[in-house]
Each structure stands twice: as C-alpha cells, then as structure tokens.
Trainee: 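Take this structure, written in structure tokens, and hold onto it; I'll ask about it next.
The figures that follow rest on heavy atoms only: side chains count, while hydrogens, waters and symmetry mates do not.
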Amino acid sequence: LFLVYARRSMGWLAALLDRAGWARRLAEGLREVTTAFAGASRPTRWLASAGWTAVILLLEGQVIFWVLRALHLDIGFWSSYFVMFIATLSFLLPSAPAGLGVFHYFFQQGLMSFGVPADQALVGAVVYHACFVLFDTVCGAACLLWGPVPWRSLVAGLEPQPDGGKHRA
C-alpha cells in the first residue's frame with residue numbers, strides 16, 4: 001500500500017538514482033514496480049483482487065477438508081477453515097525457508113484443538129503441505145511451459161554477459 005500512495009516520492013527517488021550511473025537499473029526497477037502498483041490502485045482492481053482472494057480462501061479450506069477426510073480425520077466442514085486460519089498465522093513468524101516446521105506445528109495444533117491425536121495431526125499437516133507444494137509445482141511448470149513469457153527469455157537472463165556482467169553508464 002505504501003507504493004500505491006507514495007508514487008510521487010518513489011518518482012523522486014528514481015530520478016535521484018538515475019543521476020548515479022551505477023544505480024540506473026535499480027531506478028528502472030523502481031519505476032516498473034511503482035507503475036504496476038499505480039495500475040492496481042484503481043477500485044475495480046481492488047474489488048477484483050478481493051473477489052479472487054475470497055475464492056482462493058474458500059477453495060483452500062475445501063482442499064484442507066478433503067485432504068483430512070482422505071486421511072480419515074473428520075473434523076467438520078467449517079473446522080477446516082479454522083485450521084487454515086491457525087496455519088496461516090504461522091507465516092507471521094520468521095522461520096526456515098517455506099515455513100518448514102513452524103507451519104506444520106501450527107497446523108497440528110489447529111487439528112489437535114478438535115481432538116485429533118498429535119501424531120495423526122502431524123501426518124495431516126505433512127500430507128496437506130505435500131499436496132499444496134505438488135499443486136504449486138505443477139501449476140508453475142505449466143506456466144513456464146505454456147505461459148506468455150518464453151522459457152528461453154528467462155534462461156537468457158541467467159547467461160553470463162559478454163562484458164563480464166558490468167554495465168556501462
């Protein structure tokens with residue numbers, strides 16, 4: 001939200017960075033981010049974003065419900081949303097990459113609050129996390145293969161530059 005409402009100061013900072021030759025790429029990136037956030041500041045975009053967020057959260061609660069049901073952990077339909085809320089709180093804590101451990105603990109505690117034994121609750125957390133990671137991996141691979149950005153253009157950015165990576169000012 002800061003970038004949406006602070007476009008003028010971000011423009012000033014980008015102009016300042018432009019004057020320093022070494023920071024021109026940083027200034028370009030700052031302008032691109034500011035422009036993207038400016039486009040997202042329209043009320044229709046906020047409403048669309050809120051709508052899609054609600055759809056995603058509703059579907060996510062369903063995924064939790066059906067994964068737990070497949071493991072014979074019947075905690076109830078609305079209880080899966082409570083577990084989702086508790087597990088989401090784990091992302092507020094700094095932890096290892098991907099919330100490894102902290103997420104599982106919170107998910108386990110959410111399940112245990114409904115009388116699920118600790119070992120079964122931990123299995124539920126790990127299986128749900130595996131399903132979530134698998135889904136993201138498949139969707140990410142599909143976007144890379146069939147998305148609007150060609151795969152070769154992404155790889156080209158990782159290739160060594162002929163000038164040794166140094167940019168001329």
Trainee: For a quick test of reading the model, state the closest non-hydrogen atom pair linking Ser113 to Phe82 and the distance between them.
Mentor: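 Closest approach of Ser113 to Phe82: OG-CE2, 3.6 Å.
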Trainee: Please answer whether the main-chain N or O of Gly61 pairs with a side-chain N or O of Ser80 as donor and acceptor at a distance below 3.5 Å.
Mentor: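 Yes: the side chain of Ser80 pairs with the backbone of Gly61.
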Trainee: Is the number of heavy atoms from other residues, nucleotides or ligands under 6.0 Å of Phe135 CZ greater than 12?
Mentor: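 Open: at most 12 neighbouring heavy atoms sit under 6.0 Å from CZ of Phe135.
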Trainee: Anything under 3.5 Å between a donor and an acceptor, one on a side chain of residues 136-147, the other on a protein residue two or more places apart or in another chain? List them.
Mentor:
from	atom 1	to	atom 2	distance (Å)
Thr137	OG1	Val133	O	2.7

Trainee: Please step through side chain to side chain contact (heavy atoms under 4.5 Å, CB included) for the pair Leu93 and Phe106, ending with a clear verdict.
Mentor: CA-CA 11 Å; Leu93 298 175; Phe106 274 69; 3.6 Å; yes
Trainee: To check you understand the geometry: which heavy-atom pair defines the closest contact between Val123 and Leu71, and what is its length?
Mentor: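 What the structure gives for the nearest pair is O-CD1, 4.3 Å.
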Trainee: With a 4.5 Å cut-off on side-chain heavy-atom distances among I, L, V, M, F, W and Y, is there a chain of contacts connecting Leu73 to Phe114?
Mentor: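 Hydrophobic grouping puts Leu73 with Phe114.
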Trainee: Looking only at non-hydrogen atoms, find the nearest pair between Ala118 and Gln108 and report the distance.
Mentor: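 Heavy-atom minimum between the residues: O-NE2, 2.9 Å.
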Trainee: With a 4.5 Å cut-off on side-chain heavy-atom distances among I, L, V, M, F, W and Y, is there a chain of contacts connecting Ile56 to Phe91?
Mentor: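 Not linked; separate clusters.
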Trainee: Indicate if Leu122 and Val127 have the same hydrophobic cluster label, given that clusters are the connected sets of ILVMFWY residues with side-chain heavy-atom separations under 4.5 angstrom.
Mentor: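 Different hydrophobic clusters.
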Trainee: Are the aromatic ring centres of Phe107 and Phe103 under 6.0 angstrom apart?
Mentor: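 Close enough - the centres of the two rings lie under 6.0 Å apart.
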Trainee: Side chains of Leu111 and Leu68: closer than 4.5 Å at any heavy-atom pair?
Mentor: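 Yes. Closest side-chain heavy atoms under 4.5 Å.
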Trainee: Please step through side chain to side chain contact (heavy atoms under 4.5 Å, CB included) for the pair Ile75 and Val83, ending with a clear verdict.
Mentor: CA-CA 10 Å; Ile75 62 167; Val83 172; 3.8 Å; yes
Trainee: Looking at Thr88 and Met84, what are the two nearest heavy atoms and their distance?
Mentor: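 Minimum heavy-atom separation between Thr88 and Met84: OG1-O, 2.7 Å.
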Trainee: Hydrophobic clustering (ILVMFWY, side-chain heavy atoms < 4.5 Å, transitive) - are Ile64 and Leu59 grouped together?
Mentor: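 Not linked; separate clusters.
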Trainee: Which heavy atom of Cys131 sits nearest a heavy atom of Val67, and at what distance?
Mentor: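 Smallest interatomic distance, heavy atoms only, reads SG-CG2, 4.2 Å.
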Trainee: May I ask you to decide if the ring planes of Trp78 and Tyr81 are parallel, tilted or perpendicular, using 30° and 60° as cut-offs?
Mentor: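 Tilted: the ring planes of Trp78 and Tyr81 meet at 30° to 60°.
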Trainee: Any sub-3.5 Å donor-acceptor pair from His129's side-chain atoms to Val126's backbone N or O?
Mentor: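 Not confirmed, His129 side chain does not pair with Val126 backbone.
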Trainee: Using a cut-off of 6.0 Å, state whether more than 12 heavy atoms not belonging to Tyr105 lie near its atom OH.
Mentor: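 Counting other residues, nucleotides and ligands, OH of Tyr105 stays at 12 neighbours or fewer.
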